[in-house]
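Throughout, protein chains are lettered first and strands after them, A, B, ... in sequence-line order, and every chain is numbered starting at 1.
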Amino acid sequence: MALKATGETRDKNQQWGRVNAFLGKYGIVLILLAMILAFSLLSEGFFTARNIFNIIRQISFMGLIAIGVTMVIITGGIDLGSGSVLALTAVLATSLAQIQTSATLKYPGLEVPVIVPIVVALGVGALTGVINGSLIAKFKIPPFIATLGMMTVARGFALIYSNKPLSQLTPEYNFIGQGALFGIPFPVILLILVAVVIHVMLNNTPFGRYIYALGGNEQAARISGVNTDRVKIGVYTLAGLLSGLAGLVVSSRVGSGQPGQGMGIELDAIAAAVIGGTSLSGGIGTIWGTIVGALIIGVLDNGLILLNVDQYWITIVKGTIIVVAVIIDQRKNR
Amino acid sequence: MGEDNVLVMEHISKAFPGVQALSDVQLTVRPGSVHALMGENGAGKSTLMKVLIGMYIPEEGEITFLGRKVKIENTQQALRMGISMIHQELSPEPYMTVAENIFLGREPLGRFGLIDKKKMMAETKALLERLEIDIDPNTVMRNLSVANTQMVEIAKAISYDSSLIIMDEPTSAITEREVAHLFRIIRTLKDKGVAIIYITHKMDEVFQIADDITVFRDGRHIATVPASQTDRNSLIAMMVGRELTNLFPKEDAPIGEVVLSVRGLTRNGVVDDVSFELRRGEILGLAGLMGAGRTEVIEGVFGIKPIDAGEITVKGKRVDIKSPRDAIRHGMALLTEDRKLTGIMGVLSVRDNMMIASLSSYSKAGFLNKRIIDETCAKEKTRLELKTPSMDQVIRLLSGGNQQKVLVSRWLLTVPDILILDEPTRGIDVGAKSEIHRLMSKLAQEGKAIIMVSSELPEILGMSDRVLVMHEGRVGGIFDRKDATQENIMRAATGHNELMAAV
């Protein structure tokens, strides 16, 4: 009798275990679907092709940064500087992509092919990452402090470089943020491309697994022969590169580079990663989770605006969701 | 019936995803007795104790403590009821003093609700004096040696005046002198009627100190017997479910050429002018007391910590080892002493943990060859009889012995010539221990050269072809197998002959 009872409890436990495992893996997708359903019922304008594209385009800048920060968080680090790096790369790139009749022309007479601003933005973005990574790996500065420094320094350089918007850009440059291929907005294509590449890198290359190993146990990884310094610098460099890419996309989307761009975007990106299941303790996280996390933030922003909810309330709802996501994550990993 | 017993646990069951950790387990502890819990890693001893102190909530079962049925939901509650525990993994607050650690969470308060530091200091001093532990209550924890940290943890557990104290492998980090000290303390506690649950893998200790012995296997209660009515062999038989003929089966292996030669290795302050050679097929035992510098030598050879002087030659070639990467490139592998701190990557899968040191050899054009990786993992799983529901399982959820097997696999996959094993069987049950010993013999026969650091003399004597004894950072002596006696080694390890009397 007692034995039978034990057996039944065990079956039940196993069932719950399976349900929990399913929710742990796909719960976040279910939440996203539920939100889409709710907004579709509440607002007529929500579930239209145009609005959905709108949402994805909206999150594409932040999504690029979130992909970078996801890698950084998996190593057990953090990147607070991405919004400022976005601004710095945006003003640098746009200053090289203005048409000669522009009212705020930075370099009169300078006309360069569009590849130049692109290379400059990506290069400078990557360089900020090299600096972050080296400070963290070689000088043993905590990531929070190193990237907090980068946050203010890069913003400062952006303001020194140009304290006014650099507008009226070449059509080639504007294509990055405003163009479309096969009816799909170009920023969306970029986001998907980057997501796929980074996903494959994380799962199918030694470097990708080293990123997880670093966050799982840095000492064990080092003793196992992982060049932990190089992995760290590599990850921050990739994150910086993606911030530079986001700088290109944002500035060409709005048609100008401004030193105040991307303010606070790093926090949305961190939130997207965390909502998507990336563990701030390191070792855990996926790109798909982060994309879903970014979509949740995008849907929430867009849906609440369509419902005419006060902007201040939106920030309160967002903050609450982030904390709840972390609580769920903690329980899952206990 | 439960009236006379301190503790009665009945029908306890607890499951984790993929593992039934305890099924229908019982345990009865008499007042004033030492009750030893034995069993292989993963047998369920620690899980049962965590149920007892409220860290885990069992699905089923009843606990009767001091004659009353109780439900224990957290450790604070267990402490209030009179159950304290010395955990296997030490977890002091490193930047607090000894006194602050002992009174953490129950600091004596004075006026205005502020901490009464004088009282706290005085009480700690009294406690340590009563237990004859010679440590200043004002010392910051991180400045204490591992052994003294352990003694503070012991004092802390006793300071709660509990009716029941659980000791989970309290001697794994302390030397024999301190073990004797601990046993004196335990006997005093017994006289006062305090009951003790004592978890250990060390047979000698069990027969020295235990009144009753309970054996677990695979999450089940196997037997409870008075210590006076059993012996080593029948205990081992109960633990593993089979008789073991030889605990330390180092078999003959052809000894070949020198593969590793270390000359004048020095790390200022910890290692002083250490030289030795290691040959193919040979097992070199590295013995010595706690803090003699054994692990420090290894850290220098493997490039974990920089060396200040010395030459390392691998297979006749002078090499410059600046990092573990260099060491691995020159055919070395290191199984570290602390599995949790420097071994496993807890939240990662068994597969990642197994493959991490050899990923580059399992990739083509920069991409991992997942099919071959999966095949390799499956092969390793069978070869080492690894118990895991899948390769995607998070390694943290495996038992200690199975984690160790994954780590052994990690290093064998790098196909090393020189294997350095730092306390390879520490905290591991008898079954897994003899498996690891057998594996070491086999590897030696295959021509690998092995350095084995161990604190257990029988293991050193049984497994080593030669023994290098460390004493205060220097080589105290090197003995061939025939000269390596317990007496010779202890003499070299202590550097004094008069200490022999104490051993």
> Any side-chain heavy-atom pair from A:P206 and B:L368 closer than 4.5 angstrom?
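Yes, close enough: below the 4.5 Å cut-off.
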> If I measure from the heavy atoms of chain A, does B:R329 come under 4.5 Å with its side chain, its backbone, both, or neither?
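Nothing of B:R329, per the 4.5 Å heavy-atom cut-off to chain A.
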> I'd like to know whether NZ of B:K315 has more than 12 heavy-atom contacts from other residues, nucleotides or ligands below 6.0 angstrom.
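Incorrect, the count does not exceed 12.
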> Let me confirm one number: the CD1-CD distance from B:I304 to A:Q219, rounded to the nearest 0.5 Å.
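The CD atom of A:Q219 is 8.5 Å from CD1 of B:I304, to the nearest 0.5 Å.
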> If you take all heavy atoms of B:G303 and A:R222, which pair is closest and at what distance?
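Answer, listing the atom of B:G303 first, then A:R222: O-NH2, 3.9 Å.
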> Heavy-atom distances under 4.5 Å only: say whether B:T336 touches chain A with side chain, backbone, both or neither.
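The side chain, not the backbone.
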> Less than 4.5 Å apart, side chain to side chain, heavy atoms only: is that true for B:K370 and A:N203?
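Sidechains of A:N203 and B:K370: in contact.
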> Out of curiosity, B:L341 CG to A:N217 CG, how far, rounded to the nearest 0.5 Å?
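Going from CG on B:L341 over to CG on A:N217, the span is 7.0 Å.
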> Would a 4.5 Å heavy-atom cut-off, applied to side chains only, mark B:M345 and A:L214 as touching?
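SC-SC contact between B:M345 and A:L214 ruled out.
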> So, do A:Y210 and B:I356 sit near enough that their side-chain heavy atoms are less than 4.5 Å apart?
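When only atoms from C-beta onward are counted, B:I356 and A:Y210 do touch, with a gap below 4.5 Å.
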> Can any side-chain N or O of A:R209 pair as donor or acceptor with the backbone N or O of B:M355 at less than 3.5 Å?
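No, the answer is negative, given that no donor and acceptor are paired below the 3.5 Å cut-off.
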> Measuring heavy-atom distances to chain A, does B:F302 have an atom under 4.5 Å in its side chain, in its backbone, in both, or in neither?
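Contact with chain A involves the side chain of B:F302 alone.
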> Using the rule given for side-chain contact (heavy atoms from CB on, under 4.5 Å), can you reason through B:F367 versus A:V200, listing the C-alpha separation, both sets of side-chain angles and the distance that settles it, and then say yes or no?
CA-CA 9 Å; B:F367 287 91; A:V200 170; 3.7 Å; yes
> With chain B, which of A:A213, A:S224, A:G225 has the greatest number of heavy-atom pairs at distances under 4.5 Å?
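Most pairs with chain B among the choices: A:S224.
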> How long is the gap from OG on B:S323 to CD1 on A:I223, to the nearest 0.5 Å?
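Reported value, rounded in 0.5 Å steps: 11.5 Å.
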> Does B:R142 CZ have over 12 foreign heavy atoms under 6.0 Å away?
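No, not enclosed.
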> If you count heavy-atom pairs within less than 4.5 Å of chain A, which of B:I344, B:I328, B:D352 leads?
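The residue among B:I344, B:I328, B:D352 with the greatest pair count is B:D352.
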